[in-house]
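A short worksheet on the structure shown next.
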Amino acid sequence: MGFDITAVRALFPALKAGAAHFDGPGGTQTPQPVIEAIAGALAAPLANRGHVTLGERNAEALVGEAREALADLLGSDRAGIVFGRSATQLTYDFSRTLARTWAPGDEIVVTRLDHDSNIRPWVQAAANAGATVRWAEFDPATGELSPGDIAAVLSERTRLVAMTAASNLIGTRPAVAEISRLVHDAGALFYVDGVHYTAHSHVDVEGLGADFFTCSPYKFLGPHMGVLASRPALLEELWPDKLLPSTDAVPERFELGTLPYELLAGARAAVDFLAGMGADGGGTRRERLAASFAALEAHEHVLRRRIEEGLAALDGVTVYSRAADRTPTVLLTFEGHDTVDAHRHLAGRGVAAPSGSFYAIEASRRLGLGDTGGLRVGLAPYNDAEDVDRLLEGLAGFLGQGG
């Protein structure tokens, strides 16, 4: 089956308000099945996890079902799925835990391409441990972060490399699998920020070679929370700060406090929703996810080309999303015009496309945009050609070039 955009859009109540949403990289709109799953979890009896009362059993089932769903989405072991408040929180937690093994002379690698949530926790943890931070640069002219850029900062003292699988600012998708081999040959761990990547790509954590991989369900149609995937055996080696009576079992060892059961229900429902797009219902959930993401990528590719061709017809527009392999996320600036004004102009016409650096402050500075960034246009599964035309007409009007 192809990608039925009309059927997909019909399941998003927020679209009835009439806006064309290009703000998906900051958080997608929510489909009805996810809303119903969250409400259903809250409407049923709930208690702390256990096996005696109905409330206990419901909580236990919600956690187990969510782990299974996220494991299917990411191609990982359910026993290595850790839930948290956000990807940022999980990265801070793991940076502090891993840093206990670091010493002066050890080296940690971060990149200029990353969201600050995969930079600052490592920089701060390294400073506390007396370790050295080495920076991998990307080419601002092409937006590319190459394996050679990572290799240039690796050494026998490298303990960990933190890198994004896709830039939330300009969409660049580095060659993660190739880079992982370089990292592991150096004897280091590889921590991959997959928050933006997971919304647009069929993830295979093992194939990518990530020792740790984070994502956020609210970036792929689910609720606000964070997820980390790792090998259970690796998690068994790590001991985070935790309460004395809380379990030492993996992955619960890393989940501080009671989990948000209703959000786990929503995350599971989001994975099931994704598995139903572009698939005929046959095969395992993992197989249906592969079919759905193939259909989604084809749909988003057509819309991205429509956007880029429309932008090329406008004068005074600079596009910074230039990597050969990239998500459908486009960063723009305008000659003689502030992107904040463009954001407001579009909003007044029912088009949501925000302006900023979106916490990718090092990338924004590397591109010569300072802390200001630009206008970010990002696609999500519910965008269609009419949305794109409204965007382009709005920008043409903003620039005084018709529309």
Side-chain angles (χ1 to χ4, degrees), residues 8 11-12 27-42 44 46 49 57-87 90 165 192 194-208 210 212-232 235 250-252 254-255 258-296 380-381:
V8 168
L11 291 170
F12 286 84
T28 51
Q29 304 306 305
T30 310
Q32 190 65 37
V34 174
I35 296 169
E36 292 174 355
I38 294 170
L42 290 171
L46 275 179
R49 293 166 63 185
R57 295 195 301 273
N58 284 346
E60 194 72 41
L62 289 171
V63 175
E65 290 167 3
R67 286 204 211 283
E68 289 282 3
L70 270 298
D72 285 346
L73 178 70
L74 303 178
S76 58
D77 189 325
R78 64 165 283 171
I81 297 292
V82 179
F83 296 120
R85 181 172 59 83
S86 65
L90 287 167
V192 177
V195 171
H196 187 62
Y197 181 89
T198 306
H200 301 285
S201 310
H202 183 51
V203 180
D204 179 359
V205 170
E206 183 176 347
L208 290 173
F212 307 94
F213 183 96
T214 57
C215 65
S216 299
Y218 77 100
K219 301 299 178 72
F220 51 85
L221 315 182
H224 286 75
M225 57 178 295
V227 180
L228 179 142
S230 185
R231 298 185 303 279
L235 294 179
V250 166
E252 286 87 351
F254 300 90
E255 294 169 340
T258 303
L259 290 171
Y261 303 127
E262 70 279 8
L263 301 186
L264 298 184
R268 186 268 305 157
V271 174
D272 284 336
F273 186 90
L274 289 168
M277 297 190 309
D280 60 9
T284 66
R285 181 164 52 193
R286 177 72 178 163
E287 290 167 342
R288 287 183 283 117
L289 282 162
S292 290
F293 272 97
L296 175 60

Atom CG of Leu208 and atom CZ of Phe213: how far apart are they, to the nearest 0.5 Å?
6.0 Å

Dump the intermediate steps for side-chain contact (heavy atoms from CB on, under 4.5 Å) on Glu252 and Leu259, then the final yes or no.
CA-CA 10 Å; Glu252 286 87 351; Leu259 290 171; over 6 Å; no

Looking only at heavy atoms, what is the nearest atom pair of Val205 and Ala229, with distance?
CG2-CB, 4.4 Å

With a 4.5 Å cut-off on side-chain heavy atoms, are Leu221 and Pro381 touching?
yes

Cationic N near anionic O, under 4.0 Å, Arg231 to Asp77:
no

Arg286 side chain to Asp72 main-chain N or O, any donor-acceptor pair under 3.5 Å?
yes

Kindly give the heavy-atom pair with the smallest separation between His196 and His200, and that separation in Å.
O-CD2, 3.4 Å

Residue pair Met277, Val8: steps toward the side-chain contact (heavy atoms from CB on, under 4.5 Å) verdict
CA-CA 8 Å; Met277 297 190 309; Val8 168; 4.1 Å; yes

For Glu65 and Arg268, which heavy atoms make the closest approach, and how far apart are they?
O-CG, 3.7 Å

Closest approach of Leu289 and Val271, non-hydrogen atoms and distance?
CD2-O, 3.8 Å

So, the side chain of Thr30 versus the backbone of Phe12: is there a donor-acceptor pair under 3.5 Å, distance only?
no

Starting at CZ of Arg67, measure out to OG of Ser76 and round the result to the nearest 0.5 Å.
11.0 Å

Parallel, tilted or perpendicular: which describes the rings of His202 and Phe293, with under 30° parallel and over 60° perpendicular?
tilted

Mind listing the closest non-hydrogen atom pair of Gly266 and Pro223 along with its distance?
C-CD, 3.6 Å

Test your reading of the model: is there a side-chain donor-acceptor pair from Arg78 to the backbone of Ala71, 3.5 Å cut-off?
no

For Val34 and Gly222, work out which heavy atoms get closest and say how close.
CG1-CA, 4.3 Å

Separation between SG of Cys215 and CG of Leu90, rounded to the nearest 0.5 Å:
9.5 Å

Heavy-atom donor-acceptor pair, Glu255 side chain to Phe83 backbone, under 3.5 Å
yes

side-chain contact (heavy atoms from CB on, under 4.5 Å) for Phe273 and Leu11? Distances and angles first, verdict last.
CA-CA 10 Å; Phe273 186 90; Leu11 291 170; 3.5 Å; yes

Looking at Glu206, I'd like to know if its CD atom is crowded, meaning that more than 12 non-hydrogen atoms belonging to other residues, nucleotides or ligands lie closer than 6.0 Å.
no

Gap between atom CG of Leu74 and atom CG of Asp204 - 0.5 Å precision
10.0 Å

Assess the residue pair Leu73 and Phe220 against the criterion (side-chain contact (heavy atoms from CB on, under 4.5 Å)); give the C-alpha distance rounded to whole Å, side-chain angles, the decisive distance to 0.1 Å, and a yes or no.
CA-CA 11 Å; Leu73 178 70; Phe220 51 85; 3.6 Å; yes

Ser230 versus Val82: any side-chain heavy-atom pair under 4.5 Å?
no

Taking side chain as C-beta onward, heavy atoms only, is Leu62 less than 4.5 Å from Leu46?
yes

